[in-house]
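Quick notes on the structure that follows.
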Amino acid sequence: MAKMVEIRWHARGGQGAVLASRYLAASAIRENLYFQAFPQFGTERMGAPIVAYTRISDAPINLRCAIERPDMVVVLDPTLLKAVKVTANLKEGGAVIANYPGTVADLARELEVDGQFKVYAVDAYKISSEELGRPIPNTPMVGALARVMGLIKLENILAEFEEQFSHRFKPEIVQKNLQAVRRAYEEVQGL
Amino acid sequence: MRKTIGLTGDGAAAEAMRQIDPDVVAAYPITPQTEIVERFAEFVAEGSVRTELVAVESEHSAMSACCGSSAAGARTITCTSSQGLALMHEVLYIAAGNRHPIVLINVNRTLSAPINIHNDQSDSLGSRDCGWIQLYCEGAQEVYDTVIQAVRIAEDPAVLLPVMVCLDGFVVSHNVEPINVLDDQEVKDFVGEFRPAYSLLDTENPVCLGNLTLPEYFFEHKYSQAYALEQSKGVIESVDQEFGAKFGRSYGIVEGYRLEDAEIAIVTLGSMVGTARAVTDELRSQGVKAGVLKIRCYRPFPIDEVVAALKNIKAAAVMEKALSPGAPGPAVFSDVLGALYHKGVHVNLISYVAGLGGRDVPARSIRRVYEHLEKIASSGRVDRILNYLDLRGWQ
């Protein structure tokens with residue numbers, strides 16, 4: 001039986017969730033895994049809550065529909081924790097990985113999670129502000145998610161970033177992003 | 001070198017276009033096709049193709065420019081969606097009637113009103129009688145492969161008809177998945193150099209195109225065009241087989257999925273095929289004899305193949321993302337029914353219209369269609385022919 005992980009991303013328009021979901025998915029090629037990455041098709045506006053999806057599987061994926069019962073939820077903006085029910089339809093025992101400045105216990109309380117889901121926190125705004133000089137949470141969140149998911153090695157996440165973005169960003173910006181991914185991979189709490 | 005990369009359906013179409021390096025692309029951007037034009041314009045700007053990109057002011061002009069360039073003997077590709085295809089409508093007939101081997105990539109999106117940018121198949125299914133070959137793709141790999149095949153099919157001297165390659169908007173066009181991309185040279189060798197059978201610029205062999213044709217010959221012209229479309233099935237098949245032999249991927253005219261001993265089947269096209277496969281696998285693991293019939297080639301309609309695939313099925317549902325208001329049934333359903341009648345085969349057949357205006361067609365809804373089919377198969381009675389999936393308040 002094929003093993004498939006289904007991930008739902010919550011972010012605000014402009015935070016780069018679609019890009020992050022695609023980047024994570026493309027990294028899966030390096031592990032010989034199959035994937036899909038697609039936004040929830042709405043009318044997207046800067047700052048408005050948006051949803052994106054990623055499927056990663058060890059076999060070709062036939063499903064061509066939205067993810068109804070995700071295994072994991074990634075939250076790119078802490079203000080969404082109150083604005084959106086990010087745990088909606090999350091599978092029992094599933095994981096929430098949030099950009100969050102507090103402790104895992106604080107996050108669990110804020111989400112009103114009491115053991116039914118695993119909760120992971122990483123301060124992606126702090127990391128990206130320190131590494132990139134701007135609070136852009138998408139690349140560090142890919143690092144944190146990769147750590148929790150465990151299907152794609154850090155080196156492959158980093159190599160894919162270099163391949164995809166080297167022609168778009170200056171070398172020092174690429175290096176700073178790589179450092180942000182690395183730090184989030186190491187700093188994510190709740191493991 | 002062949003390589004596997006992450007591409008959207010639009011990106012896969014653009015990549016195929018880059019490798020084909022057509023003489024002319026005349027196109028106008030429209031959601032959800034825009035990424036194809038954007039990417040292709042980048043290829044032109046960076047000089048990775050030699051194509052003349054004609055930035056027209058509307059889709060009517062796009063298809064008109066395509067007809068002109070094809071008539072001049074240029075290999076011509078365009079792409080559009082929805083209102084764009086509708087605006088091309090009158091020129092689509094001219095492209096087919098003048099036997100221009102144009103390739104059009106249509107990213108399926110619904111038609112206004114109400115205004116909506118999302119996926120259904122109303123646009124291309126509504127263009128089914130224009131005389132074009134229509135091929136529907138399930139995913140981005142098939143889009144990539146089919147665009148390459150389409151050039152060969154259209155230009156085959158026995159065909160000389162335009163080909164529409166359809167992919168579901170957003171569901172396929174905006175989903176990134178791993179695509180095996182062929183080597184540039186392999187694609188160039190497969191499509192070969194375009195040697196137009198008739199070209200306005202070939203002054204050694206003058207021809208007339210688009211003449212006024214009065215009642216004494218018009219009918220014969222239209223019949224020969226329709227006959228060519230019927231006969232194109234063999235070429236569509238052989239190009240696909242040659243592609244399969246060279247590159248290891250082929251799709252057929254139709255594809256039966258777990259149909260050999262199936263009792264119930266969903267007949268569908270485009271991205272819904274994939275989800276129906278996944279549901280079939282699940283049902284099979286529970287002992288339900290379910291299957292899927294994918295219609296990849298919708299025009300010409302594969303009468304023999306569809307009937308052969310369905311003749312032993314107890315109950316089948318045709319699922320399509322388009323309405324035919326006021327008709328006895330929607331387009332694909334009516335064609336499947338007509339095919340069965342042609343061959344004198346009776347199958348308990350129902351219709352499900354699904355996913356209009358981008359409504360998601362989830363696995364659980366497709367499961368309900370199979371449950372409906374199980375009831376019909378066990379009772380031998382069709383309770384309702386025309387059905388609407390996940391529609392609120394239908395009577």
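Quick caveat: nothing in here was measured; it's all calculated off a predicted structure. Lettering follows sequence order; numbering is per chain, from 1.
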(message) Could you check whether atom CG of B:D261 has more than 12 heavy atoms from other residues, nucleotides or ligands sitting under 6.0 Å from it?
(response) yes
(message) Are there over 12 heavy-atom neighbours, none belonging to A:E112, within less than 6.0 Å of that residue's CD?
(response) no
(request) Sort A:Q36 into side chain, backbone, both or neither according to what part of it lies under 4.5 angstrom from a heavy atom of chain B. (result) both
(message) Heavy-atom pairs under 4.5 Å with chain A: which of B:G274, B:P362, B:A276 has the most?
(response) B:G274
(message) For a quick test of reading the model, state the closest non-hydrogen atom pair linking A:F35 to B:P178 and the distance between them.
(response) O-CD, 3.2 Å
(request) Answer with side chain, backbone, both or neither: which region of A:I29 has an atom nearer than 4.5 Å to a non-hydrogen atom of chain B? (result) side chain
(message) Suppose we screen for side chain to side chain contact (heavy atoms under 4.5 Å, CB included). Which residues come up paired with B:L356, at least two apart in sequence or across chains?
(response) B:D120, B:L323, B:V353
(request) Ignoring hydrogens and angles, tell me if any N or O in the side chain of B:N175 forms a donor-acceptor pair with the backbone of A:A37 under 3.5 Å. (result) yes
(message) Is it true that, when you exclude B:R2 itself, more than 12 heavy atoms of the residues, nucleotides or ligands shown sit nearer than 6.0 Å to its CZ?
(response) yes
(message) Let me confirm one number: the CZ-CG distance from A:R64 to B:D168, rounded to the nearest 0.5 Å.
(response) 9.5 Å
(request) Verify, without hydrogens or angle tests, whether A:N62 (side chain) and B:R277 (backbone) share a donor-acceptor contact under 3.5 angstrom. (result) no
(request) Measure the spacing between CZ of A:R22 and CG of B:L7 and express it to the nearest 0.5 Å. (result) 10.0 Å
(request) Pick one of side chain, backbone, both or neither for B:S285, based on which atoms fall under 4.5 Å of a heavy atom in chain A. (result) neither
(request) Hey, could you give me the CD/CZ distance between B:E177 and A:R55, rounded to the nearest 0.5 Å? (result) 11.0 Å
(request) Locate the shortest heavy-atom distance separating B:V361 from A:C65; write the atom from each residue and the value. (result) O-CB, 3.5 Å
(message) For chain A, which candidate among B:A363, B:G139, B:G358 shows the most heavy-atom pairs at distances under 4.5 Å?
(response) B:G139
